[in-house]
Amino acid sequence: MPDVPAPDAPDADPNALDGDPAATSDDGDPTPPIPYRYEPDATAAVLHAEHDGLEPGTETGRTVTVAGRLMLRRVQGKLAFGTLDDGSGRIQLFAPKASTPDFERFTHLAIGDWIGVTGEVMTTRRGELSVRVDGWTLLAPTRRQFPDKWHGLTDTDVRYRQRYVDLWVTEEARRVLLLRSRLVSLTRRWLEDRDFVEVETPLLHPIPGGALAKPFTTHHNALDTDLYLRIAPELYLKRLVVGGFPRVFEIGRVFRNEGLSTRHNPEFTMLELYQAYADYGDIMRLTEELVAHLARELCGTTVLTYGGRELDLTPPWRRARLADLVEEQTGLALSLDQPIEELRAAAAEFEVTVPDDAGPGKILLEIYEKTTEGEMWGPVFVIDYPQEVSPLARPHRERAGEVERFEAIVAGRELANAFSELTDPVDQRARFEDQARQKDAGDEEAMVVDDDYVRALEYGLPPTGGLGIGIDRLVMLLADQSSIRDVLLFPTLRPEAPGS
RNA sequence: GCGCCUCUAGCUCAACGGCAGAGCAAUGGACUCUUAAUCCACAGGUUGGGGGUUCGAAUCCCCCGGGGCGCACCA
């Protein structure tokens, strides 16, 4: 960006026009130039907050400058009204011909034009808080017609592709995306208050790891090497615990090369945190407290409505073992110890297809996901997963074949995934090698051996609890949205066809 | 990837085998307290694209493209 010239002397009008005076409109009338800068000194939200409840016909004597988009216009002969939206809210413009410079041009502004207005704050005879137009400036003409002022945009394709229009005309879109912003901000503050340090780790990974997922592949020319967009920050964050940061977190984008749906976008935002000296029980308490805090701050209560159904996020959340939940749902008591033929038979009964080489843990998890996960309204902490499907989690302190892992299920969906982290480098290498065998056998989502991560564990990772929360899904819950695309500013879509 | 639905004016929608229409927006006009202002006038289209059936296709059939929902996969 070029250097910005110093502002004019303090007594100069900051909003004086400055530009090409020779510009003309199509019909040959001279058109005032578009200024290079503008200084609004009030917003619609602040004006409403400070002047609400004035008697009709009040003149406050206060002159303000506001700027935004003209959303509505009501011209009535020698008097015009406008509705200006400045992003904070809406404020009425009151424009009598007598006080409004260039009145004829003002009444011909297009809906969607950006304008700046200076004038006295007043109320009309009907009591509507307004800014009288004593001066105004066109800041950007719109060259495209705005959507219907009443119906707005309903075509979801257009809403997602042209979010710059949607945000003006769809109040709900703005509400949800502001809620998202506040949620991320509140999360940061809450974690920082608990001595967590925010870090940024690589998005380009030489070895994809930290989750079971298909990565995007890219190539670095100078290094002449393939790199992967990260599927999870997990392994880097635990390296940082080894490196002497006992409480770290990262809120960032991860990428998974899988299908799209109302619950899946190829890139999404994950919160991951790691806390030294903690186990998964500590992380459960942290999770329910964080989510309850966000619900209270953003929704005013921990008892929400999601999709028309009550959702009570008040801690403590239920804790239940995975196998017990499957039994609750299906009436079938399954265990990792029973003969694998019985597990296979159970899978077949529920029409769950499992790979031929799947062990009991994989089969049990598949049955759980097919029969139980989506049925649980929650919130519930599903605890104690099979080790076979949890290559980064520490073995259960009491139950052989299981690990200390939980997923938080809310509204039938996974909101969080966490465990007591595996700290033993020997065990970790063995788990990686087992994963690598599965990958060689054709499992595209299996992990590969990350030698450097094992080396880091060899230097010593203390007992550590880790957590991953899908921020998009959390926003969906708190904003009562059923599609992930509605909580993303620019969801991934097929590229627009040329010329369409 | 598979199945179902959908695409008509800038926007929101009608017309469902027989002349492509309305509201809002736009354009011109009337109107000094409106609130989606109102009233009068006027303009606006390769009915997503291509092919077929038919005397006649927005409408029925096929192919292609975009989107939505469901399934599959995942978080």
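Proteins come first, then strands; the chains are lettered A, B, ... in the order of their sequence lines, and each starts at number 1.
- Listed by residue number, the members of residues 76-92 of chain A with any heavy atom below 4.0 angstrom from RNA chain B are Gln76(A), Gly77(A), Lys78(A), Leu79(A), Phe81(A), Gln92(A).
- Note on Arg263(A): every side-chain N or O is 4.0 Å or more away from OP1 and OP2 of rA72(B).
- In terms of phosphate contacts, Arg256(A) brings no side-chain nitrogen or oxygen within less than 4.0 Å of OP1 or OP2 of rC73(B).
- One finds no salt bridge joining Asp443(A) and Lys362(A) here, because no Lys/Arg side-chain nitrogen approaches an Asp/Glu carboxylate oxygen to under 4.0 Å.
- Taking atom P in both rG44(B) and rA9(B), the straight-line distance is 15 Å, to the nearest Å.
- Among the atoms of the strands shown, none is found under 4.0 Å from any heavy atom of Val254(A).
- Inspection of the Glu272(A) and Tyr274(A) side chains reveals an N or O donor paired with an N or O acceptor under 3.5 Å.
- Across the protein-nucleic acid pair, Glu104(A) atom CD and rG28(B) atom P stand 9 Å apart, rounded to whole Å.
- What separates CD of Glu373(A) from P of rA75(B) is a distance of 9 Å, to the nearest Å.
- Residue contacts shown for Leu415(A) are absent, as no nucleic acid heavy atom lies under 4.0 Å away.
- Listed nucleotides: rG68(B), rA25(B), rG66(B). Nearest to the side chain of Lys149(A): rA25(B).
- For Ile484(A), the listed nucleotide lying nearest its side chain is rA75(B); candidates were rA25(B), rA75(B), rG23(B).
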Donor-acceptor pairs under 3.5 angstrom involving side-chain atoms of residues 49-61 of chain A: please list them, not counting sequence neighbours.
unit_1: Glu50(A); atom_1: OE1; unit_2: Arg62(A); atom_2: NH1; d: 2.8
unit_1: Glu50(A); atom_1: OE1; unit_2: Arg62(A); atom_2: NH2; d: 3.4
unit_1: His51(A); atom_1: NE2; unit_2: Arg62(A); atom_2: NH1; d: 2.8
unit_1: Thr58(A); atom_1: OG1; unit_2: Glu55(A); atom_2: O; d: 2.5
unit_1: Thr60(A); atom_1: OG1; unit_2: Arg62(A); atom_2: N; d: 3.1
unit_1: Thr60(A); atom_1: OG1; unit_2: Val121(A); atom_2: O; d: 2.5

Output one line per pair: protein atom, nucleotide atom from nucleotides 1-10 of chain B, and distance, for all N/O pairs under 3.5 Å.
unit_1: rG10(B); atom_1: N3; unit_2: Gln145(A); atom_2: OE1; d: 3.4

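- Taking atom CG of Leu153(A) as the reference point, atom C1' of rU12(B) lies 10 Å away to the nearest angstrom.
- Applying the ring pair (Phe, Tyr, Trp, His ring centres under 6.0 Å) rule to pairs touching residues 115-136 of chain A yields Phe106(A)-Trp136(A), sequence neighbours excluded.
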Q.
Both atom distances under 3.5 Å, Watson-Crick or G-U wobble: I'd like the secondary structure of RNA chain B as a dot-bracket string, with | for pairs made across strands.
A. (((((((..((((....[..))))..((((.......))))......(((((..]....))))))))))))....
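- The aromatic rings of Phe249(A) and Phe196(A) stand perpendicular to each other, their planes meeting at an angle above 60°, with 30° marking the opposite boundary.
- With rG67(B), rG70(B), rC11(B) as the candidates, the nucleotide lying closest to the side chain of Thr156(A) is rG67(B).
- Regarding Leu493(A), its CG atom lies at a distance of 17 Å from the P atom of rG65(B), rounded to whole Å.
- Out of rG68(B), rC33(B), rC11(B), the shortest distance to the side chain of Phe94(A) is found at rC33(B).
- Figure legend: Arg405(A) and Tyr385(A) shown as a cation-pi pair, the cationic atom lying under 6.0 angstrom from the six-membered ring centre and within 45 degrees of its axis.
- An OP1 or OP2 oxygen of rU27(B) is reached within less than 4.0 angstrom by no side-chain nitrogen or oxygen of His108(A).
- The shortest distance between the side-chain N/O atoms of Arg73(A) and the OP1/OP2 oxygens of rA26(B) is below 4.0 Å.
- With sequence neighbours excluded, the residues forming a side-chain hydrogen bond (donor to acceptor under 3.5 Å, both in side chains) with Asp384(A) are Tyr280(A), His396(A), listed by chain and number.
- The cationic group of Arg174(A) lies under 6.0 Å from the six-membered ring centre of Trp168(A) and within 45° of the ring axis, placing it in a cation-pi geometry.
- Within 4.0 Å (heavy atoms only), Gly468(A) reaches no atom of the nucleic acid at all.
- rG17(B) and rC61(B) are spaced 13 Å apart, taking the C1' atom of each and rounding to whole Å.
- In this entry the distance linking CD of Glu258(A) with C1' of rC73(B) reads 7 Å, nearest Å.
- Distances were taken from every side-chain heavy atom of Thr124(A) (C-beta onward) to each of rA36(B), rC33(B), rA26(B); the shortest belongs to rC33(B).
- Counting only heavy atoms from C-beta on, Ile111(A) has its side chain closest to rA25(B) among rA25(B), rA72(B), rC69(B).
- Within the nucleic acid shown, Asp155(A) comes within 4.0 Å of sugar-phosphate atoms alone, with no base atom in reach, counting heavy atoms only.
- Going from atom CG of Leu70(A) over to atom P of rA25(B) covers 12 Å, rounded to whole Å.
- Among the nucleotides rA37(B), rA75(B), rC73(B), the one closest to any side-chain atom of Arg74(A) is rA37(B).
- The CZ-P distance, from Arg230(A) to rA75(B), rounds to 16 Å in whole Å.
- Between Arg144(A) atom CZ and rC24(B) atom C1' the separation is 19 Å, expressed in whole Å.
- Taking the P atom of each, rG65(B) and rG49(B) are spaced 15 Å apart, rounded to whole Å.
- If you take atom P in rA15(B) and the same atom in rU53(B), they sit 28 Å apart, rounded to whole Å.
- For the C1' atom pair drawn from rC55(B) and rA72(B), the interatomic distance equals 48 Å after rounding to whole Å.
- Salt-bridge formation is detected for the pair Arg319(A)/Glu288(A): a Lys NZ or Arg NE/NH1/NH2 atom is positioned less than 4.0 Å from an Asp or Glu carboxylate oxygen.
- In this model, the phosphate group of rG68(B) is not approached by any side-chain N or O of Thr154(A) to a distance below 4.0 Å at OP1 or OP2.
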